[in-house]
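Below: the structure, in structure tokens.
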Amino acid sequence: MHKHVVVSKPFTVLVIALFATLPWAHAAPTDAAATPVTVVKVERKQVRETVPLSGTSVPWRHAFLSPQVEGLVTRVFVEEGNWVSPGDRVITLDKEIAEIEVRIAKTRITEAQVRYDDARRQRDELRRLIDSKHVSETSLESAIAEVDAAKAAVIREQADLERREELLQRHAVYAPFAGMVVQKNVEQGQWAKTDTSLVELVAVDTIRVRVPLPQRFYPRVTVGAKATVHFDAIPDKAFEGAVFAKVASGNEATRSFPILIDIANPDHMLAPGMSARVNIELADGRTNALVVPRDSIITKSNGERLVWKVGAEENEQIKVFPVNIQTGRAFQDRVEVISDALKEGDLIVLLGNENLRPGQPVQLQRTSSP
């Protein structure tokens, strides 16, 4: 005897709904499922290999300003954060005593000049009298010696005046280059010594990036090599620079050598102490490579890499299919393809490749080059 099972209508609806959620229960995408994407051609290009590194920005010029003479600070013209130009006064010292010494030195020159003029007058008189035999040769020679001594005294006093005038000028501290005052360690009324840093000044019109270069790349980086720098503080902007110097003094612990890269900074967007990501071109790294944009590559959880390749039209639809690739070296925003899965001229998806499915119809919005 057979038993009849009665299935209620609500249970039937539930089963149908669960069935519809299964992945294999879906049909292929229809015309209405065309996804707009941006595609790019796979190209073969002459590219230069780069090495990615990390570095830190440092001041291009950096100075701790100290006075050249000791003295009482009478005025401080700057505060932290102020900009200065070359030759701007930063600090002045009390110069009253120095001014008095200059006046005394000028008086001594006048005295020495009077004695010199008198010695010349006596010498000239003796020369006129020697012809009449009224004076001896010895007296004339003594007079000539007095003239020479008086002239030397004038020269000595003039040199002393120049020295004292120079000391007078040194009662002020001037900015040696354009830059920003980043630290001030003095106030009016303080006694300043020659071995004390009063103001710290940095130049930022140019920023220098200091990068540790692993020893295996040291022979392959040359002075003048191009470098692209991204600062973590301004991640969306790329700065172009060049290798200013390779410092031939390695770190024994890390086996790396400092590389200095100069970057123009006219807008003062950059400051010393910023972290930087740097790509430096290698001298012998030029190659003819098949490349794709870095953003076109999808990395799966198992480490495999793929791109979405545009296939032929089918029923007036353009569809995409995943293609696994093997990648090689990175060239800034491009990656070398070393497998045979792609060829020059293939179209691959650059933007809009996040949620594509095999055979999905797409709508090409525009085509760009890598």
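Computed from heavy atoms alone, side chains included, the values below leave out hydrogens, waters and symmetry copies.
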Between A175 and V84, what is the shortest heavy-atom contact and its length?
CB-CG2, 3.8 Å
Are V337 and S339 packed together at the side-chain level, in the sense that at least one heavy-atom pair is separated by less than 4.5 angstrom?
yes
So, are D117 and R121 salt-bridged, with charged N and O less than 4.0 Å apart?
no
So, the side chain of S142 versus the backbone of T138: is there a donor-acceptor pair under 3.5 Å, distance only?
yes
One pair to check against side chain to side chain donor-acceptor pair (under 3.5 Å): H171 and Q68. What are the steps and the verdict?
CA-CA 7 Å; H171 280 69; Q68 295 176 293; over 6 Å; no
Nearest heavy-atom contact between S139 and L126 is O-CD1, 3.5 Å
For T74 and T92, indicate whether the former's side chain and the latter's backbone hold a donor-acceptor pair under 3.5 Å.
yes
Interatomic distance, CZ@R208 vs CD1@I259, rounded to 0.5 Å, equals 12.0 Å
Closer than 3.5 angstrom, by distance alone: can the side chain of K319 be matched with the main-chain N or O of V310 as a donor-acceptor pair?
no
Any donor-acceptor pair under 3.5 Å from N251 side chain to A253 backbone:
yes
Taking A143's backbone N and O only, do any of them form a donor-acceptor pair with E146's side chain (distance below 3.5 Å, no angle check)?
no
Heavy-atom count around E96 CD within 6.0 Å, excluding the residue itself: above 12?
no
Backbone of P67 reached by a side-chain donor or acceptor of T194 within 3.5 Å:
no
Nearest 0.5 Å, what's the CG-CD distance between L93 and Q190?
10.5 Å
So do the side chains of V243 and T222 get within less than 4.5 Å of each other, counting heavy atoms only?
no
Would R164 and D160 count as a salt bridge (charged side-chain N to carboxylate O under 4.0 Å, His left out) here? Give the steps.
CA-CA 6 Å; R164 293 184 184 280; D160 183 65; 3.0 Å; yes
Is there a donor-acceptor contact under 3.5 Å from the side chain of S57 to the main chain of M274?
yes
Check for a donor-acceptor pair, side chain of S296 on one end and backbone N or O of L350 on the other, with a separation under 3.5 Å.
no
Is D195 atom CG crowded by more than 12 heavy atoms from other residues, nucleotides or ligands, each under 6.0 Å away?
yes
Any salt bridge between D346 and K343, counting N to O under 4.0 Å?
yes
Is it the case that the side chain of D205 and the backbone of N265 share a donor-acceptor pair, with hydrogens and angles ignored and the cut-off at 3.5 Å?
no
Restricting to non-hydrogen atoms, name the atom on L201 and the atom on V181 that form the minimum distance, rounded to 0.1 Å.
CD1-N, 3.9 Å
Yes or no on salt bridge (charged side-chain N to carboxylate O under 4.0 Å, His left out) for E99 and R103, after CA distance, side-chain angles and deciding distance?
CA-CA 6 Å; E99 290 173 336; R103 292 198 295 270; 5.1 Å; no
What's the shortest heavy-atom distance between K95 and L168, and which atoms?
CB-CD1, 3.7 Å
Can a donor-acceptor pair be found, under 3.5 Å and without considering hydrogens, that links the side chain of T35 to the backbone of V362?
no
4.5 Å side-chain heavy-atom contact, H62 and E200:
yes
If you count every heavy atom of other residues, nucleotides or ligands that lies below 6.0 Å from D232 atom CG, does the total exceed 12?
yes
Taking only Lys NZ, Arg NE, NH1 and NH2, and the carboxylate oxygens of Asp or Glu, determine whether E79 and K184 approach each other closer than 4.0 Å.
yes
With heavy-atom distances below 4.5 Å as the criterion, would you say the side chains of L161 and V102 are in contact?
yes
Any idea how H268 and W83 line up, ring-wise: parallel (<30°), tilted (30 to 60°), or perpendicular (>60°)?
parallel
In Å, rounded to the nearest 0.5 Å, how long is the span from CG of L129 to CG of D124?
11.0 Å
Give a yes or no on whether I100 atom CD1 has more than 12 heavy-atom contacts from other residues, nucleotides or ligands under 6.0 Å away.
yes
Do NZ/NE/NH1/NH2 and the carboxylate oxygens of E43 and K41 come within less than 4.0 Å?
no
How about R163: does its CZ atom have over 12 heavy atoms from other parts shown lying under 6.0 Å from it?
yes
Report the C-alpha distance between S54 and R277 in whole Å, list the side-chain angles of each, state the deciding distance to 0.1 Å, and finish with yes or no for side chain to side chain donor-acceptor pair (under 3.5 Å).
CA-CA 5 Å; S54 297; R277 292 170 286 112; over 6 Å; no
Identify whether the distance between the nearest side-chain nitrogen and carboxylate oxygen of K226 and E281 falls below 4.0 Å.
no
